[in-house]
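Some notes on the structure that comes next.
These numbers come from the heavy atoms of this one structure, side chains and all, not from hydrogens, waters or symmetry mates. Values in this document were obtained by computation on a predicted structure and should not be read as measured data. The first residue in the sequence is number 1, and the count goes up from there.
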Amino acid sequence: MTTIAPTFDTSNSLTDHDNPTTNRLRVVFAGTPEFAAICLEALIRQQDALNIDIVAVYTQPDRKAGRGQKLSASAVKEVALANDIAVEQPVTFKKSSTEGMAARQTLRTYQPDLMIVAAYGLILPIGVLTTPTHGCLNIHASLLPRWRGAAPIHRALLAGDDETGITIMQMDKGLDTGYMLYKVSASIEPDETAASLHDKMAALGATAISTVLKDLAHYQAQAIVQDGSQANYAEKLVKTEGEIDWTQPAAAIERQIRGLTPWPGAYTFLEGQRVKILAALPINTTQKTDKPAGTVVSVGRKAILVACGQEAEQPNDNAAHDAQLSNTLAITKLQFAGGKPMTAEQLCHGNQLNDGDQFTTESK
């Protein structure tokens, strides 16, 4: 791919080691959830080593959460306050609104040399992107251009990707379309969940942004344009994606469980009662059945086998016989509505689930 050198002022570069009097770069950090908070904490610890000062933190406004619907601060705000860093929570940066213009002016008063963005959740117009001397860098949890958008970690799991990673990107007005400054990959393990992959990506993101900041001028000069033809859109998750369609192949359902853990979680119904499917084993292609999709084939101590839909392609050998069989999903933990999570062994000793029971979709 073609390398492109964005036109940013590098006179205040982090790499000017010959001049010990070089000013520390004034950094504004923008982010909201735990992913961003982990990156922020790492940067705070390394301010001296990276020759930066985090002068302000931008995050989403406090939201109501929990049963009491009390206002709750974001994970990023909590980290900022704990480290005595100024916090800004604008609702918009649009120049068409009074609030947006005020937010832009406030940003300018911090005189930022660089803005670092990680899962902020607020659109940054071009007028904001060009305010810092060196522009805005995004810590994106995908090997761009593979997954652009809001949920790259989950979409990589749902799609069955073997690897993912972090891209440090120079932000532009497009959706995750900017020049790529640095990429680092990580494998996706067979038992990886969205929760475990999130933590892995957050740690990797913190390391990646630190690497770039150690030699910002170099990475900006060697930035690479994305191949848009390879891009996919990682849509934001919705709760209804958690409902299991048992006519889907077992491998797809197993990925659904891992990709939606912990939120929104995979679920099904038994006699109208919602049942959360919390964990399952990797697919064993020797465990096949001719039972209808959604049928509980067996309740065992190690796993609960459930019939799923047929794979798109059947093996050539014994085709006539295999055409009548489907893989099963081996569930190891589930939770009935109002109950506690239960392992397969615990269920095996009770009567809440029995051979022949039928999991279904929600009745409309």
Exercise. Do the charged groups of Arg24 and Asp113 touch, with an N to O distance under 4.0 Å?
Worked result: no

For this session: Taking Gln46 for its side chain and Ala42 for its backbone only, find out whether a donor-acceptor pair lies under 3.5 Å.
Result: yes

Exercise. Looking only at atom types and distance, does a side-chain atom of Arg26 sit under 3.5 Å from a main-chain N or O of Pro112, one as donor and one as acceptor?
Worked result: no

Exercise. Is atom CZ of Arg301 surrounded by more than 12 heavy atoms (other residues, nucleotides or ligands) closer than 6.0 Å?
Worked result: no

Show the atom names and distances, to 0.1 Å, of all donor-acceptor pairs under 3.5 Å that link a side chain in residues 90-102 to residues at least two apart or in another chain.
{"from": "Thr92", "atom 1": "OG1", "to": "Lys94", "atom 2": "N", "distance (Å)": "3.0"}
{"from": "Ser97", "atom 1": "OG", "to": "Lys94", "atom 2": "O", "distance (Å)": "3.2"}
{"from": "Ser97", "atom 1": "OG", "to": "Gly100", "atom 2": "N", "distance (Å)": "2.9"}

Problem set entry | Backbone of Asn354 reached by a side-chain donor or acceptor of Asp357 within 3.5 Å | yes

Exercise. Counting N and O atoms only, with roles assigned by atom type, does the side chain of Thr59 sit under 3.5 Å from a partner on the main chain of Gly31, one being a donor and the other an acceptor?
Worked result: yes

Exercise. Quick one: do Arg155 and Glu241 make a salt bridge, cutoff under 4.0 Å?
Worked result: yes

Exercise. Just wondering, more than 12 heavy atoms not from Lys291 lying within 6.0 Å of its NZ?
Worked result: no

Let me check something: any side-chain donor-acceptor pairs from residues 137-147 under 3.5 Å, sequence neighbours excluded? List them with distances.
{"from": "Asn138", "atom 1": "ND2", "to": "Val117", "atom 2": "O", "distance (Å)": "3.0"}
{"from": "His140", "atom 1": "NE2", "to": "Trp147", "atom 2": "O", "distance (Å)": "2.7"}
{"from": "Ser142", "atom 1": "OG", "to": "Trp147", "atom 2": "N", "distance (Å)": "3.1"}
{"from": "Ser142", "atom 1": "OG", "to": "Trp147", "atom 2": "O", "distance (Å)": "3.4"}
{"from": "Arg146", "atom 1": "NE", "to": "Asp161", "atom 2": "OD2", "distance (Å)": "3.1"}
{"from": "Arg146", "atom 1": "NH2", "to": "Asp161", "atom 2": "OD1", "distance (Å)": "2.7"}
{"from": "Arg146", "atom 1": "NH2", "to": "Asp161", "atom 2": "OD2", "distance (Å)": "3.4"}
{"from": "Trp147", "atom 1": "NE1", "to": "Asp161", "atom 2": "OD2", "distance (Å)": "2.9"}

For this session: Go through the steps for Ser187 and Glu163 under the test side chain to side chain donor-acceptor pair (under 3.5 Å), then give the verdict.
Result: CA-CA 4 Å; Ser187 61; Glu163 70 169 359; over 6 Å; no

Exercise. What heavy-atom pair brings Ala156 and Ile188 nearest, and what distance separates the two atoms?
Worked result: CB-CD1, 4.2 Å

For this session: Report, as yes or no, whether the 6.0 Å neighbourhood of atom CD1 on Ile123 holds more than 12 heavy atoms from other residues, nucleotides or ligands.
Result: no

For this session: From the options Leu347, Thr268, Thr343, select the one residue that forms a side-chain contact (heavy atoms from CB on, under 4.5 Å) with Leu334.
Result: Leu347

Problem set entry | Salt-bridge contact Arg45-Glu41 (side-chain N to carboxylate O under 4.0 Å) | no

Problem set entry | Gln226 side chain to Gly178 backbone, donor-acceptor under 3.5 Å | yes

For this session: For the pair Thr177 (side chain) and Lys173 (backbone), establish whether a donor and an acceptor sit closer than 3.5 Å, ignoring hydrogens and angles.
Result: no

Exercise. Counting N and O atoms only, with roles assigned by atom type, does the side chain of Asp53 sit under 3.5 Å from a partner on the main chain of Gln47, one being a donor and the other an acceptor?
Worked result: no

For this session: Count the heavy atoms of every other residue, nucleotide or ligand shown that sit under 6.0 Å from CD of Glu271, and state whether that count exceeds 12.
Result: no

Problem set entry | Atom of Ala36, atom of Ala118 and distance for their closest heavy-atom approach | CB-O, 3.1 Å

For this session: May I ask you to decide if Ile126's main-chain N or O and Thr130's side chain share a donor-acceptor pair within less than 3.5 Å?
Result: yes

Problem set entry | Any donor-acceptor pair under 3.5 Å from Thr32 side chain to Tyr120 backbone | yes

Exercise. If you round to the nearest 0.5 Å, how far is CG of Asp172 from CG of Asp176?
Worked result: 9.0 Å

Exercise. Just by modelled atom types, is the Glu192 backbone N or O under 3.5 Å from a matching donor or acceptor in the Arg258 side chain?
Worked result: yes

Exercise. Does the side-chain contact (heavy atoms from CB on, under 4.5 Å) test come out yes or no for Cys136 and Leu129, once each step is laid out?
Worked result: CA-CA 6 Å; Cys136 300; Leu129 297 177; 3.8 Å; yes

Exercise. About how many Å separate CD1 of Ile116 and NE2 of His134, when rounded to the nearest 0.5 Å?
Worked result: 11.5 Å

For this session: Identify the two heavy atoms, one from Trp246 and one from Ile331, that lie closest to each other, and give their separation to 0.1 Å.
Result: CH2-CD1, 4.1 Å

